[in-house]
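Letters A, B, ... mirror the listed sequences (proteins, then strands); counts begin at 1.
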Amino acid sequence: MKWKQLVRNKPFVIGASLIGLLLMLMVMSLFYTPYGPNEMNTAMRLAHPQPSHWWGTDNFGRDIFSRIVEGTQTAFLIGVSSVAIGLFFGLFIGAIAGYRGGWTDEVLMRLMDAKLAFPGILLAIMLVSVFGPGLGNTIVALGLMSIPAFARIARSGFIQYKEFNFVKAAVARGAGATRIIVHHILPNIASPIIVAASLRFSGSILAEAGLSYLGLGVQPPDPSWGRMLSEAQPFIVNAPWYVLITGSVITVMVLGFNLLGDGIRDVYDNKS
Amino acid sequence: MTNSLLEMRDLEVAFTLGKQDYPALQQMTFQIGEKETVGIVGESGCGKSLTSLSIMGLLPGTAKITKGEIRLDGKSLVTSSAQQWSGVRGKDITMIFQDPMTALNPLMPVGKQIAEMALLHLGVSRKEARQLALDMMAKVGLSRVDRLYGDYPHQLSGGMMQRIMIAMALICQPKLLIADEPTTALDVTIQAQILNLLRDMNHSTGTAMLFISHDLGVIREVCDRVIVMYAGYMVEEAPVEELLDHPRHPYTAGLLQSLPGADKRGRILYTIPGRVPPLTGRRTGCPFAGRCPSATAICAAEVPQMKKAGEQHLVRCHLVAG
Amino acid sequence: MRFYIRKLAALFLTVLLVSVITFLVFQVLPGDPAQIVLGVDADAHQLAELRKTMGLERPAAERYLSWIKDTSTGELGTSLRYQRPVADILQERLPVTISLAILSLGLTLIIGLPLGIYIARRDGKISALFLSVLTQLGVAVPSFWLAFLLILIFSVTFRLFPTYGYVPWHESPLGALKSLFLPALALAIPGIAVVIRYLRNTLLDQSRMDYVRTARSKGLRERSIMYRHMLRNSLIPVLTIVGLLIADTLGGSIVVENVFALPGLGNLLITSIGTRDLPLLQTLVLYIAFIVVCINFIVDMLYKIIDPRIRLKR
């Protein structure tokens, strides 16, 4: 890693700080939140932000800060697992397409292109409408949405590098396919993969927010920022901070991962 | 020498990198007479193109003229405003470039790109501009110009595109044409055709020419007089035959030795050892000292001045007696 | 001619693939589609009845073929919930979504292109900073949350636009425009950010090209160089982005239509999920995907018009 260049890259530093802050909040929420996330206080409904409730309360008198901090767990869980699914299957599909070429490549890549025909969260909506909403199905659906991005990178990596002399030399030495992939090809496509992972992470967060807002994503009692937004919508006039704060937190997380990805891309692209 | 058309005096151009200025051209002093063809020769990175761009007022954003003067017909170009520039550029001075494939707008019909020039500078109507462009296209040796007019660059060969560029450059009958390596990107047979065309156009239109090339053989075909540049300095200047017969600067001698010719058939071509020092690594003393086979102590210490080495022959070398 | 044949073949293939995926998701993956429609606590008699109506006793391949045959002849089936032909329902809902998409794309281009040019022309430190902040925020903000903010500003505070609902064009064109403006803007903002950033970068790349140097050497003013030479060259890559943006707009409209309770395709989609109206859902998804594929096809054709080089290649 080129840490020295990354540390001097502003988008990377800002992105990493935002993510770091949210990660700290998540770790904190595992042990402590100011109030229980589902603890209702009917005497304090839709309270303004104030010392006892930093970000105010919702229509049931629940502490918004505690709920949002609790929601970081869901957000990171969804981001990490959907990217992991996309990465695993994407690399696999892309590797096969790139290595085999010919018809295999053609069929697999057409399939990846077909995903473009289901814009935005439509693919996730299809799956959730058949298998039902919930945390698990949301993760699977968002993971599937991420596959083509990784498959494309892996494919071009494999096509490009299997022609390179050092890979040919490894083949000539009789190195096994796994060894060639792990030692020669993967390290060379690592940086575009990391960039894509970062951008797909933020893509998943945005998609989850949309799905949960529509009631098709994460279901209670699992906390979700998207669902909080749909709960906040009726009180947009009486308690605008509820909507503003919740949306801002989603934006900060998405922004963080986008900046992180852009920063890494800046550093690695300029060098090569 | 006839009346001087372009006059460059003690020009210095520097690149700003970070907070520091790195001079890329120094003590550039030469003249181009009316209808004259002058060549500039040297390896890449020696400042040939930068010289032409500073005449055109098209220096890249990081470079600037820090000293000296360029005059066209006695009028200073260095102090010209953007407004005055667009009256000179394209009208009085035009330019053709190394790679005609990329120098033309890929999305505009080639004829239109020529006519645009006439429309801009000659105050003619669209129809007249079109006719002028067609005439000019025929003059530079293109055939079936009516059909060609509406073609796009990618439909033409490299040689045809360079003819289009020449037609564009000459349509307003400029006083000076700068040709920056105009044949380098072309096939050898096409090179000869383009060189012939440029020479013919110089004779028939009387447009003076500044011809830039790394290839002395090409310069010899076209030019009356030649300037040899090295690492941002002019190192030698002489009429072309004089220079070829009696090179005085060791760098020029090296260039001539590395030129292929009938008498050298079957032998390995000479190459000057070493490379042009990069902009940031230039030291004091004679710019060529590091590669010069006969450098002495003074060469490393002091930049030599241009001195007379014959009738119309100037050289920048400590080892040449004045 | 070969270009068109190839593109048409690709279009046909994609539509086929998309229809297979849609069919698999709704008819094969769930195991028993009738169970999905009726839910887990449906009694056996009802299930058997519905399986018959939906023709589930036939093998999947046969059902797929007859679905494709019906759909391509305009026979879109009947909605379980509305008990009406799907074609009629689509005809009602489509204009809303199409108007929204066109308006949003229009806003994207009208705002994005001039701003992109402006920022490329005065490329300095401050405008670059402003640009990166704006574009980064633009793509990071969830569009439905943006919709909330727009409602808060323009509907609640300034009372310029309605908070939700739709006025059909034939009732009042101005009313229709007003009811669509905020949702269209919410959908357009991420696109605007993308267009600005992309156009600026492309223009700056173009400004370093040789043909621009030629244009300068001709004595053209910067203005003419920008509009007569660079802009058209920059529009080719931007067109790719615009194609993707239209698809994004359709995807985003699924959520945004629900924020504003606009009776479009996205709204219908979510309602039909709620009512487990599988036949309607299946056709609707295919329909949306078909629109997207067609738009990509049109973009490909536009390339050919803008870029003469494509006419000879391939």
Please step through side chain to side chain contact (heavy atoms under 4.5 Å, CB included) for the pair B:R89 and C:K218, ending with a clear verdict.
CA-CA 6 Å; B:R89 228 183 268 147; C:K218 280 167 135 179; over 6 Å; no

Side chain, backbone, both or neither: which part of B:L104 has an atom under 4.5 Å from a heavy atom of chain C?
backbone

Taking side chain as everything from C-beta outward and backbone as N, CA, C, O, which of these in B:M101 sits under 4.5 Å from a heavy atom of chain C? Side chain, backbone, both or neither.
neither

Considering residues, nucleotides and ligands other than B:K64, do more than 12 of their heavy atoms fall under 6.0 Å from its NZ?
yes

Checking side chain to side chain contact (heavy atoms under 4.5 Å, CB included) for the pair C:L220/B:E116: CA distance, chi angles, key distance, verdict?
CA-CA 9 Å; C:L220 287 166; B:E116 186 183 37; 3.6 Å; yes

Other residues, nucleotides, ligands: >12 heavy atoms within 6.0 Å of B:Q173 CD:
no

Heavy-atom pairs under 4.5 Å with chain C - which of B:I96, B:I178, B:T102, B:L58 has more of them than the others?
B:T102

With the side chain counted from C-beta on, respond yes when B:T94 and C:S217 share a heavy-atom pair under 4.5 Å apart, and no when they do not.
no

If you tally heavy-atom pairs under 4.5 Å between each of B:Q98, B:M168, B:M95 and chain C, the highest tally belongs to B:M168

Any chance you could lay out the side chain to side chain contact (heavy atoms under 4.5 Å, CB included) test for C:T214 and B:F97, step after step, and finish with the verdict?
CA-CA 8 Å; C:T214 306; B:F97 301 95; 3.6 Å; yes

Interatomic distance, CG@C:N233 vs CG@B:N105, rounded to 0.5 Å, equals 4.5 Å

Between OH on residue C:Y211 and CG on residue B:L107, distance to nearest 0.5 Å:
7.5 Å

Counting heavy atoms not belonging to B:Y22, are there more than 12 under 6.0 Å from its OH?
yes

Which of the residues C:E222, C:M209, C:R208, C:R228 is involved in the greatest number of heavy-atom pairs with chain B at under 4.5 angstrom?
C:R228

Honestly, the part of B:M56 sitting under 4.5 Å from a heavy atom of chain C is side chain

Measure distances from C:R221 to the heavy atoms of chain B and classify the residue's part below 4.5 Å as side chain, backbone, both or neither.
side chain

Between NE2 of C:H229 and CD of B:Q113, what distance do you get to the nearest 0.5 Å?
6.5 Å

